[in-house]
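Note sheet for the following structure.
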Amino acid sequence: MSTLKLATFNINGIRSRLPILLSWLEREAPDIVCLQELKARDDAFPIAEIRAAGYGALWQGQTSWNGVAILARGSDPVESRRGLPGDPADKQSRYLEAAAHGVMVGCLYLPNGNPQPGPKFDYKLAWFERLIKHAAKLYESGHPVVLAGDFNVVPTDEDIYNPRSWRKDALLQPESRTCYQRLLAQGWTDALRHRHPDERIYTFWDYFRQHWPRNAGLRIDHLLLSADLAPRLEDANVGRWVRDLPHPSDHAPAWITLAQKSSAPKKAARKRARGKS
DNA sequence: ATGCCGGTTTGAAACCGA
């Protein structure tokens with residue numbers, strides 16, 4: 001394995017989206033997958049089908065809404081955290097963390113926050129504060145970490161087809177964007193934006209108003225890399241073909257590839273080879 | 001440009017997402 005492929009996908013219902021999930025896994029074969037919006041209880045997670053596709057999995061389900069999962073190709077992810085710290089009363093399934101293929105992965109589904117203002121927006125900002133606090137610890141740990149998921153934040157006006165009709169939306173509020181920038185200021189690299197600094201990249205297209213055929217999208221699914229991983233970033237993009245399948249999610253998977261960490265013996269061998277020539 | 005679509009729920013209308 002020369003590269004490690006990581007992806008995040010808001011599937012909008014894992015049961016009704018199972019055929020699409022399996023097609024995508026078969027064609028793209030990502031090594032690590034973060035899923036959001038399972039919309040299924042723990043006992044309804046299709047673990048048999050996912051195992052049959054060659055993946056181990058961890059999941060945190062919930063009736064009707066939310067729900068996150070981490071999949072690892074050919075291995076079982078090792079759980080390190082279930083739920084964000086900071087609010088024991090918060091029962092929503094929005095954060096799962098695990099180690100797989102030598103990387104620590106935080107899979108998150110940040111609250112949408114609409115309507116705004118209101119209690120839902122307050123919850124979004126409070127959740128974001130908890131994430132910022134926890135992310136700081138992860139970043140400072142020095143481990144190779146990826147924070148991946150549906151952040152429900154359009155970082156800048158370059159990340160939306162046209163901000164005009166979304167100005168009052170929770171995804172574009174200055175408070176939401178400031179939180180995202182504060183997170184990045186810890187040192188994280190926004191992989192898709194880093195790889196494509198001047199391109200319009202979207203990960204979500206509304207089901208109606210012909211948003212997909214018009215490519216009227218939003219970039220709200222992000223993969224953030226720790227200092228250890230950022231130099232290993234090789235490529236990043238969006239699996240737009242998945243949005244074109246019958247009965248798609250309103251999101252498409254966003255993915256990155258990372259160079260495998262070169263081992264010390266190999267490096268020493270190359271040095272020896274250079275010395276001899 | 002207002003959930004207009006789509007998923008889910010103790011089984012139809014209502015709530016939710018972005």
Could you work out the separation of dA1(B) and dA13(B) based on their C1' atoms and round it to a whole Å?
25 Å
Run Glu140(A) and Lys137(A) through salt bridge (charged side-chain N to carboxylate O under 4.0 Å, His left out) and show every step you take.
CA-CA 5 Å; Glu140(A) 289 160 11; Lys137(A) 287 208 174 87; over 6 Å; no
Base, sugar-phosphate, or nothing: which does Asn162(A) touch, judged by heavy atoms less than 4.0 Å apart?
nothing
Measuring only the P atom in each nucleotide, how far is dG3(B) from dT8(B)? A whole number of Å is fine.
22 Å
Its contact letters, B for base, S for sugar-phosphate only and - for none at protein heavy atoms under 4.0 Å, make nucleotides 5-15 of chain B read BBSSS------
Pairs satisfying ring-ring contact (aromatic ring centres under 6.0 Å, His included), at least one member in residues 51-77 of chain A, at least two apart:
Phe45(A)-Trp59(A)
According to side chain to side chain contact (heavy atoms under 4.5 Å, CB included), who are the partners of Arg214(A), at least two apart in sequence or on a separate chain?
Tyr161(A), Arg209(A), Gln210(A), His211(A), Ala216(A)
On the 0 to 90° scale, with breaks at 30° and 60°, tag the Tyr180(A)-His222(A) ring pair as parallel, tilted or perpendicular.
tilted
Taking atom types as modelled, is there a side-chain donor on Asp87(A) or Trp127(A) under 3.5 Å from an acceptor on the other?
no
Within the structure shown, what part of the strands sits under 4.0 Å from Phe151(A) by heavy-atom distance: base, sugar-phosphate, or nothing?
nothing
Leu110(A) CG to dG17(B) P, straight-line distance once rounded to whole Å
12 Å
For dG11(B) and dC15(B), measure between their C1' atoms and round to the nearest Å.
15 Å
Does Asn10(A) reach a base, just sugar-phosphate, or nothing at all? Heavy atoms under 4.0 Å.
sugar-phosphate
Would you mind classifying the nucleic acid contact of Asn152(A) as base, sugar-phosphate or nothing, using non-hydrogen atoms under 4.0 angstrom?
sugar-phosphate
5'-most contact on DNA chain B (nearest-nucleotide basis), Ser165(A) vs Pro111(A), goes to Ser165(A)
P atom, dC4(B) versus dA14(B): distance in rounded Å?
13 Å
